Amino acid sequence: MDFGISRMDLQTEKRLVKLFSSRVNLCLLYQGSRHGFSICTIQEKTQKQGNLIFLAYLESGAIMGGYLGGKFPSLHYSECVQDKKAFVFLVSQNTAIHFPVVDACQAFHIKSNETKMISFGECLNMEMKNDSCFVKVGNDAVYNTSWPEITESCVDVEVHRVQDAGDLMLLPWREMSWTEIYRENLKKDLVSYKPDIVGLSQVRALLLGPVGAGKSSFINSIKSVLCRHVVNLPITGSGSDGFTSKLKSYPIRAEKGGQPIALTLCDLKGLGDTEETGLSLHDALAVIKGHAPEGYKFQSKAPLQPNSPGYRVDPALQDKIHCVLFVLDACRLHSYSKELKDTLKKLHWESSDLGIPQLVLLTHVELAGPSDMHNIYASHNLREKMEEAAEMVGVPLFSVLPVKNYASELNVDYDTDILLLSAACQILHSVDYAFED
Ligand SMILES: Nc1nc2c(ncn2[C@@H]2O[C@H](COP(=O)(O)OP(=O)(O)O)[C@@H](O)[C@H]2O)c(=O)[nH]1
Ligand SMILES: [Mg+2]
């Protein structure tokens, strides 16, 4: 069957499919310039095709249209079609706005008397006349639209079938073994690790990220893996304002009561939207460079200065931070403020300048990713989130590590352990590589 080629370019299609809450594919069924501008033909071409999206191409290249999650009604059906999933949209080179239906009972209807018209509420009307289409746009309460003023004519109309694309790829894009042997090997690597760097016995990795991202939980989780049961030390929420405001280093022990391994995790106050609500860039850099003494209590109004108590003027290698871990919550990426994103980027640039390796720990992946953890690297959705996190900080995708912290469970489990252990090993490898020269 020849379906023809859509007028839509790839970039616009990408923007359009992002309007759906799950991944979808589009399949062209009808094109006015090819099949003729007639509601009858649209109906014929879209029969039994499931969910449909109507696209009206405007002269400027923008596309207006509507999504119908229900069935296209018969031509003689003059009632409104009820559809809770319907929405109308405008997609252009730099914008994509959409208005979900408010009054679902009036989502869609066709008029086939003197005027032949497809209408989404009263806000988007496509009239078929003299073998062309006229788009009439208005603002209505059915979709609660606030369209910009549009006075362009329509150059073509298309209807596409919208089908669920599923979230899983055929093959994972990153290899991961989910076996007990692999878990034990990772654990051995972590416990036996010795830094390849003269004069350094402990790798100090600093957790940086917004409040609630899971920094303190990551420390507890790594401890839990090695202790073989979930530990919940009161790391979370310490400090007078409910946040960790002191610089605190947590040695990690090979087992309960055992020797510390060569990785120390450092926890600190979270990054806020402003310097008043969170750790400042200045203080974060002071910690990274090793000027802040252990236990130093950060105050938003008093940045760490050479005359601050315990200030290390000339920090030794073991006082400095050897790896920066940006901790971000996969479920909240979209709501992070511009100010926070700017701070992350600046911290990335400054740390890169200092030659310090950086990784992103993307937490809450069990909520943001596939239900089966084994599919973590086969999920389109999660990959997109990992790409977003990489972009947000400014690091390549391979520096983003998905993790699930132990948050509410009582027992450790293999899959969670494997993600946590591989993140911990990755921290150590990245330090070895960075300090090789
Ligand atoms: N479901 C889930 N909850 C998490 C995860 N990481 C942290 N949490 C929860 O998120 C909240 C904030 O975590 P916390 O470690 O205190 O964040 P911090 O402010 O960055 O130190 C706590 O209730 C944690 O139990 C995770 O990976 N998955
Ligand atoms: Mg904390």
Side-chain angles (χ1 to χ4, degrees), residues 205-225 229-250 252 264-273 277-280 283-284 287 292 294-298 300 324-333 335-337 340-341 343-344 347 359-373 375-377 379 381-382 385-386 388-389 392-393 400-424 426-427:
L206 174 68
L207 296 143
L208 284 177
V211 175
K215 298 180 291 299
S216 306
S217 302
F218 180 72
I219 301 176
N220 272 335
S221 298
I222 295 289
K223 284 173 178 272
S224 304
V225 179
H229 67 86
V230 176
V231 293
N232 194 6
L233 297 172
I235 300 173
T236 352
S238 51
S240 58
D241 47 2
F243 310 129
T244 317
S245 58
K246 280 184 188 167
L247 170 62
K248 182 134 176 58
S249 309
Y250 293 88
I252 311 290
T264 299
L265 294 171
C266 305
D267 198 8
L268 199 51
K269 187 175 176 175
L271 300 170
D273 288 340
T277 57
L279 182 74
S280 68
D283 283 348
V287 174
E294 178 69 13
Y296 182 82
K297 191 161 189 294
F298 290 94
S300 53
V324 170
L325 303 171
F326 293 99
V327 185
L328 302 176
D329 177 345
C331 298
R332 290 210 236 152
L333 286 179
S335 64
Y336 287 157
S337 67
L340 174 68
K341 291 177 190 172
T343 310
L344 292 170
L347 281 166
L359 296 169
V360 176
L361 299 176
L362 193 63
T363 63
H364 294 74
V365 290
E366 84 284 12
L367 302 178
S371 49
D372 182 351
M373 196 101 98
N375 288 328
I376 216 153
Y377 290 121
S379 159
N381 279 338
L382 191 61
K385 290 203 170 23
M386 291 172 68
E388 198 181 336
M392 203 176 278
V393 177
V400 181
L401 309 170
V403 290
K404 166 187 182 290
N405 285 324
Y406 286 113
S408 54
E409 36 291 88
L410 296 173
N411 297 310
V412 294
D413 73 79
Y414 285 125
D415 298 339
T416 309
D417 278 5
I418 286 172
L419 283 180
L420 288 162
L421 284 167
S422 69
Q426 207 59 45
I427 297 169

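Keep in mind it's a predicted model, so treat the numbers as computed, not measured. All ligand and atom numbering here is 1-based and tracks the order in the structure. Positions are given from 1, in the same order as the sequence printed here.
Within ligand 1, the atoms closer than 4.0 Å to a non-hydrogen atom of Leu367 are 1 (N), numbered from 1 in the order shown. Atom numbering of ligand 1 starts at 1 in the shown order; those under 4.0 Å from a heavy atom of Ala407 are 2 (C), 3 (N), 4 (C), 25 (O). The contact set between ligand 1 and Ser216, taken as ligand atoms under 4.0 Å from a residue heavy atom, comprises 15 (O), 21 (O). With ligand atoms numbered from 1 in the order given, ligand 1 contributes 19 (O) to contacts under 4.0 Å with heavy atoms of Val211. Listed by number with element, the atoms of ligand 1 under 4.0 Å from a non-hydrogen atom of Pro210 are 20 (O).
Although no hydrogens or angles enter the test, the distance criterion places a donor-acceptor pair under 3.5 Å between the side chain of Ser224 and the main chain of Val231. Lys215 places a side-chain N or O within donor-acceptor distance of the main-chain N or O of Gly209, the cut-off being under 3.5 Å. Judged by distance alone, the side chain of Ser379 and the main-chain N or O of Asn375 form no donor-acceptor pair under 3.5 Å. A donor-acceptor pair under 3.5 Å links the side-chain atoms of Tyr336 to the main chain of Asp329, judged by distance alone.
Looking at Gly270, Ser217, Pro402, Ala330 and measuring to atom 15 (O) of ligand 1, the nearest heavy atom belongs to Ser217.
Counting heavy atoms closer than 4.0 Å to ligand 1, residue Ser408 contributes nothing at all. Of the heavy atoms in Val327, none comes closer than 4.0 Å to ligand 1. With a heavy-atom cut-off of 4.0 Å, Lys404 touches ligand 1 through its backbone alone.
For the residue pair Thr416 / Asp413, a side-chain donor-acceptor distance below 3.5 Å is found, with atom types taken as modelled. Counting only N and O atoms by type, the side chains of Asp267 and Ser216 include a donor and acceptor under 3.5 Å apart.
Within the 2.8 Å limit, Ser217 places no N, O or S atom next to the Mg ion (ligand 2).
Backbone and side-chain nitrogen or oxygen atoms of Lys215 are examined, and one is located within less than 3.5 angstrom of a nitrogen or oxygen of ligand 1. The distance criterion of under 3.5 Å between nitrogen or oxygen atoms is met by Asn405 with respect to ligand 1.
To the nearest 0.5 angstrom, Gln426 atom CD is 11.0 Å from Leu325 atom CG.
Considering only residues two or more places apart in sequence or on other chains, Lys404 meets the salt bridge (charged side-chain N to carboxylate O under 4.0 Å, His left out) condition with Glu409. For Asp417, the salt bridge (charged side-chain N to carboxylate O under 4.0 Å, His left out) partners at least two apart in sequence or on another chain are Arg183.
Heavy-atom separations between Gly209 and ligand 1 are all 4.0 Å or longer. By the 4.0 Å heavy-atom criterion, Ala213 is counted among the residues contacting ligand 1. For Ser221, the closest heavy-atom approach to ligand 1 does not fall below 4.0 Å.
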Trace of the side-chain contact (heavy atoms from CB on, under 4.5 Å) decision for Val400 with Leu359
CA-CA 6 Å; Val400 181; Leu359 296 169; over 6 Å; no
